[in-house]
Every structure is written in C-alpha cells, then in structure tokens.
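In what follows, every heavy atom counts, from backbone to side chain, and hydrogens, waters and symmetry copies are set aside. Both counts, for ligands and for their atoms, begin at 1 and track the order of listing.
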Amino acid sequence: MNKLIYVLNGPNLNRLGQREPEIYGRTTLAEVERMCREAGSGLSIEFRQSNREYELIDWVHEAIDEGAAGIIINPAAFTFTSMAIMDALKMFPGPIIELHISNIHKREPIYHRSYVSPVATAVIAGLGPKGYPSAVCAMRDLIEG
Ligand code: CA2
C-alpha cells in the first residue's frame, strides 16, 4: 500500500500567486499541489489549506489517527504564533518538514522565531514554490530510508 503523507498549508496561502510575486512567485497553490503529486508518485498525498488554526490542528490529529508516514507543513503566519500547532505536531510520531516559500531568516526579525522548527525534523525555506516538490522528495527519503 502507498505511504500516506499530509501537506498542510496555513492562512492566506490560498491566495498564492496573486500578491507579492517578488517574494512568493506567481505559482498558484493548485499548481503547487500538482507539483507535489508529480514529485510524490507512489505516495498518497493529502494536500490541504486552511485559514483556521483549529482546522490545521484537527488535520495533524487526523494524520496521527490515519497512521500517516510524514507531514509537510507550511504554517504561514501561525509559524510565529501557534503553540497549539506546535503541541499537535509534537504528538506526531513520524518525520515533519517545516516549509516556507521565502527565506524567513532573511526577513524582518518578527519572522525569525518559529514555534514549529523545534519540533520539525527538517526545515526548508527560500526555494520558492519549488520547495514543495523538494520537500516531497526529501520526505520520501525520510520515510522510505
Ligand atoms: O514563505 C512562506 O511560505 C511563509 O510561510 C508564507 C506566510 C508568511 O507569513 C511567512 O512568513 C512565510 C504567508 C504569506 C502570506 O500569504 C500570501 C499569500 C499569497 C501571496 C503572498 C502571500
């Protein structure tokens, strides 16, 4: 059976490709999903986006209950605010990749302190939308050895 991974996206990322293209590029989230599915052939991918913190938390719980092999998460602004997402991720037994389209460390100091990084297996930031398929390939290595 195909291994299951979750790719979770936080607030405002449904608008990807529509604003600040100099930072985030012109690729839409639907295109990002296609890139993930291409890179993840042979994996089952649950690709989700929400503007609601509780929904992201519920999806982490769902990933645990479904026995998912890994989680890739771009928590967007919740990266810098959400102890609740951090606590949910702490309960996940498999690898977690925190992903950011932009290099958050090159930006203003408010973007430097992530609540997610301390519970992540790896962090990818600054590769643009192509960071997503890279994360899927990296996740495949992590879960398939
Ligand atoms: O670089 C990333 O992927 C971010 O996680 C994106 C977040 C931002 O708060 C993080 O600092 C870095 C969300 C950006 C706002 O959403 C946008 C949606 C569409 C186009 C541009 C921005």
Q: List every atom of ligand 1 that sits less than 4.0 Å from any heavy atom of Tyr111, numbering the atoms from 1 in the order shown and giving each element.
A: 11 (O)
Q | Interfacing atoms of ligand 1 (cut-off 4.0 Å, heavy-atom, Phe80) | A | 10 (C), 11 (O)
Q: Below 4.0 angstrom from a heavy atom of Arg15, which ligand 1 atoms are there? Numbered from 1 as shown, please.
A: 19 (C), 20 (C)
**Q.** Residue Ser102 vicinity, atoms of ligand 1 by number, heavy atom under 4.0 Å
**A.** 1 (O), 2 (C), 12 (C)
Q.
I need the nearest protein heavy-atom contact for atom 4 (C) of ligand 1: residue, atom name and distance, please.
A. His100 ND1, 3.8 Å
Q: Provide, to 0.1 Å, the distance between atom 21 (C) of ligand 1 and the closest protein heavy atom, together with that atom's residue and name.
A: Tyr24 CD1, 3.2 Å
Q.
Under a plain distance cut-off of 3.5 Å, with no hydrogens placed, do Tyr6 and Glu62 share a side-chain donor-acceptor pair?
A. yes
Q | Geometric class of the Tyr111/Phe80 ring pair [parallel <30°, tilted 30-60°, perpendicular >60°] | A | perpendicular
Q: Could you say whether the N/O atoms of Ile101 and ligand 1 ever approach to under 3.5 Å?
A: yes
Q) Which of the atoms of ligand 1 are close to Ala77, meaning less than 4.0 Å from one of its heavy atoms? A) 9 (O)
Q. Does ligand 1 have any atom that is closer than 4.0 Å to a heavy atom of Arg19?
A. yes
Q) Is the closest heavy-atom distance from Thr79 to ligand 1 below 4.0 Å? A) no
(Q) Please classify the Asn74 to ligand 1 contact at 4.0 Å (heavy-atom distances, strictly less than): side chain, backbone, both or neither. (A) side chain
Q) By number and element, which atoms of ligand 1 are closer than 4.0 Å to a non-hydrogen atom of Ala76? A) 5 (O), 7 (C), 9 (O), 13 (C)
Q) At under 4.0 Å between heavy atoms, which part of Arg107 makes contact with ligand 1: side chain, backbone, both or neither? A) side chain
Q. What's the shortest distance from atom 16 (O) of ligand 1 to any protein heavy atom, and which residue and atom give it?
A. Asn12 CB, 3.3 Å
